[in-house]
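These notes are about the structure you will find just below.
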Amino acid sequence: MEIIRAVALHGAVTAAAADLGVSQPAVSMALRESTAAVGFPLFVRAQGRLQPTPELRVFLDEVDRVFKGLERIDRLVSGIRDASVGSVVIAATPTLADNLLPFAVAAVRRARPRIQITVQTMDNLSAVEAVTQGGVDFGLVLTPIAETDARLVPLCAAELVCVVPLGHPLAGRVAVTPQDIAPYPLISFSRSLPLGRLVEKSFLDAGLERRIALEVNQSSTALALVRAGAGVALIDPYLLVDGRQHGVVRIRLEPRSIVKAQALVPVAGTLSRSALLILAAIRRHGGSMHGVSSLTMRDLPDV
């Protein structure tokens, strides 16, 4: 399986052999034996490269999952053996990776410099998949989130916030409602995204239909469009936690709508000490940020 995976990755026997630290004949022999064992071709040569056959592609994803699981086991063993040495892989949405995670990671690294931390940025759905498939130690996601086999652990909370361009008619308001926002071009998110569902609920609760003028999938993009004068937006508050103006006017939304940052952890198994240290640091840092309240970290698995 390791040889098949390496050949699929590199597209050549020579490169796969070098990557695995074995001889080229050994790789070629293993491929011949594997092909004979399964009873169908594993690779075809196309454009000078060895490419997986459709039959191999059927189970190649499963092979990747197996190896990711083995890598995670190695990381857990390291973390258990020595709390000061370990490896933690985190899947995080872009906003949380950029605004909530960095200071927490820096604090842990100062205290435990030998801990290796990998941050993989992805959307909510991909983060859920990464956690449930065992490809990462834990995820950082925004609510609301669909039902999942993983466990959600609350970390901190903030309010959905309205942003308008400088000089906008709403810029002098202390607070706005969906009725106040409705006359202006709305920059917003699909209802398939957590923020999109929250924004839509705010409008529906006010008896209004949400009309999207510009649809985006990241709060940072919405913020840039507002800054350029393209419209108004209700966005993820964690993007504005540094308290700076960001070239827009921030206005409180009423009624308020809470956006929680949550850790997504596997239901089975335990988190390493290193992973728990990072989660604790995230919760502490979240509580110190502008407009953010820390939440009690409940139900974390024991080490």
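Treat the numbers as computed from the prediction; the structure is a model and nothing was measured. Below, each value reflects all heavy atoms present in this structure, side chains not excepted, and no hydrogens, waters or symmetry copies.
We find that Glu254 and Arg252 are joined by a salt bridge, their nearest charged nitrogen and carboxylate oxygen being less than 4.0 Å apart.
At a threshold of 4.5 Å between non-hydrogen side-chain atoms, the residues Gln262 and Leu155 do not count as touching. In this structure, the side chains of Leu152 and Leu264 come closer than 4.5 Å at one or more pairs of heavy atoms. Between Thr143 and Ile258, every side-chain heavy-atom pair lies at or beyond the 4.5 Å cut-off. Val248 is not listed as a side-chain neighbour of Val164, based on a closest heavy-atom distance of 4.5 Å or more. By the 4.5 Å heavy-atom criterion applied to side chains, Ile115 and Val108 are counted as neighbours. The shortest side-chain heavy-atom distance between Asp205 and Pro255 does not fall under the 4.5 Å cut-off. Ile282 has its side chain out of reach of Phe103: every pair of non-hydrogen atoms, C-beta onward, lies at least 4.5 Å apart. Residues Leu253 and Leu234 are in side-chain contact: their nearest non-hydrogen atoms beyond the backbone lie under 4.5 Å apart.
Dense packing is recorded around CD of Gln133, with more than 12 heavy atoms of other residues, nucleotides or ligands lying under 6.0 Å away. Remark: Arg227 CZ is packed, more than 12 non-hydrogen atoms of other residues, nucleotides or ligands lying under 6.0 Å away.
Side-chain atoms of Arg210 and Ser188 form a donor-acceptor pair, as typed in the model, at a separation below 3.5 Å. Donor-acceptor pairing under 3.5 Å is recorded for the side chains of Asp236 and Thr95. A donor atom on one side chain and an acceptor atom on the other are found under 3.5 Å apart for Ser192 and Ser190.
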Quick one: side chains of residues 28-40, donor-acceptor pairs under 3.5 Å with protein atoms, not counting sequence neighbours, listed by atom name and distance.
residue	atom	partner	partner atom	Å
Ser28	OG	Gln24	O	3.3
Ser34	OG	Ala30	O	2.8
Thr35	OG1	Leu31	O	2.8

Donor-acceptor contacts under 3.5 Å from residues 58-67 side chains, at least two apart:
residue	atom	partner	partner atom	Å
Glu62	OE2	Arg65	NH2	2.5
Asp64	OD1	Arg5	NE	2.9

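In terms of heavy-atom proximity, Ala275 sits nearest to Val88 at N-CG2, 3.7 Å. In terms of heavy-atom proximity, Ile3 sits nearest to Ala26 at CD1-O, 4.5 Å. Closest non-hydrogen pair, Asn124 versus Leu142, comes out as ND2-O, 2.8 Å. Smallest separation of non-hydrogen atoms from Pro165 and Gly231: CD-O, 3.6 Å. For Ala171 against Val249, the heavy-atom pair with the smallest separation is O-CG1, 3.5 Å. Of all the heavy atoms in Ala182 and Leu208, the pair that sits closest is CB-CD1, 4.2 Å.
Cluster annotation: Leu271 is connected to Val119 through the hydrophobic network of ILVMFWY side chains, with a link wherever side-chain heavy atoms come within less than 4.5 Å. Both Leu195 and Val176 are members of a single hydrophobic cluster when ILVMFWY side chains are connected at heavy-atom separations under 4.5 Å. When hydrophobic clusters are built by joining Ile, Leu, Val, Met, Phe, Trp and Tyr residues whose side-chain heavy atoms come closer than 4.5 Å, directly or via intermediates, Val226 is not grouped with Ile212. No chain of hydrophobic side-chain contacts below 4.5 Å, direct or via other Ile, Leu, Val, Met, Phe, Trp or Tyr residues, connects Val105 to Met122.
In this structure Ala18 satisfies the side chain to side chain contact (heavy atoms under 4.5 Å, CB included) test with no other residue, sequence neighbours excluded. Residues meeting the side chain to side chain donor-acceptor pair (under 3.5 Å) test with Gln51, sequence neighbours left out: none. Every residue two or more places apart in sequence or in another chain that forms a side chain to side chain donor-acceptor pair (under 3.5 Å) with Glu55 is listed here: Thr53.
Remark: Leu279 CG to Asp137 CG distance equals 9.5 Å, nearest 0.5 Å. With rounding to the nearest 0.5 angstrom, the OG1 atom of Thr93 is 9.0 Å from the CG atom of Asp98. Remark: Ser272 OG to Leu276 CG distance equals 6.5 Å, nearest 0.5 Å. With values rounded to the nearest 0.5 angstrom, Ile181 atom CD1 is found 7.0 Å from Thr177 atom OG1. In this structure, the separation between CD1 on Ile90 and CD on Gln120 is 9.5 Å, given to the nearest 0.5 Å. Within the model, atoms CD1 of Ile4 and CG of Leu42 stand 5.0 Å from one another, a figure rounded to the nearest 0.5 Å.
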Take Val161 and Leu240 through the side chain to side chain contact (heavy atoms under 4.5 Å, CB included) test and state the conclusion after the steps.
CA-CA 9 Å; Val161 62; Leu240 306 174; 3.7 Å; yes
**Study point:** Derivation of the side-chain hydrogen bond (donor to acceptor under 3.5 Å, both in side chains) call for Gln218 and Ser220
**Key:** CA-CA 5 Å; Gln218 297 292 339; Ser220 57; 5.0 Å; no
- Message: The test is side chain to side chain contact (heavy atoms under 4.5 Å, CB included); show your working for Ile251 and Val163 and say whether it passes.
- Response: CA-CA 6 Å; Ile251 310 172; Val163 288; over 6 Å; no
Set out, in order, the CA-CA distance, both residues' side-chain angles and the distance that settles side chain to side chain contact (heavy atoms under 4.5 Å, CB included) for Val265 and Val131, then state yes or no.
CA-CA 7 Å; Val265 301; Val131 172; 5.7 Å; no
Where do Val199 and Lys201 land on the side chain to side chain contact (heavy atoms under 4.5 Å, CB included) test, with the steps shown first? CA-CA 5 Å; Val199 174; Lys201 184 177 185 302; over 6 Å; no
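Evaluated for a side-chain contact (heavy atoms from CB on, under 4.5 Å) with Leu101, the options Leu140, Ile117, Leu96 yield exactly one hit, Leu140.
Here ring pair (Phe, Tyr, Trp, His ring centres under 6.0 Å) pairs that include residues 177-198, with residues two or more places apart or in two chains, are His168-Tyr184.
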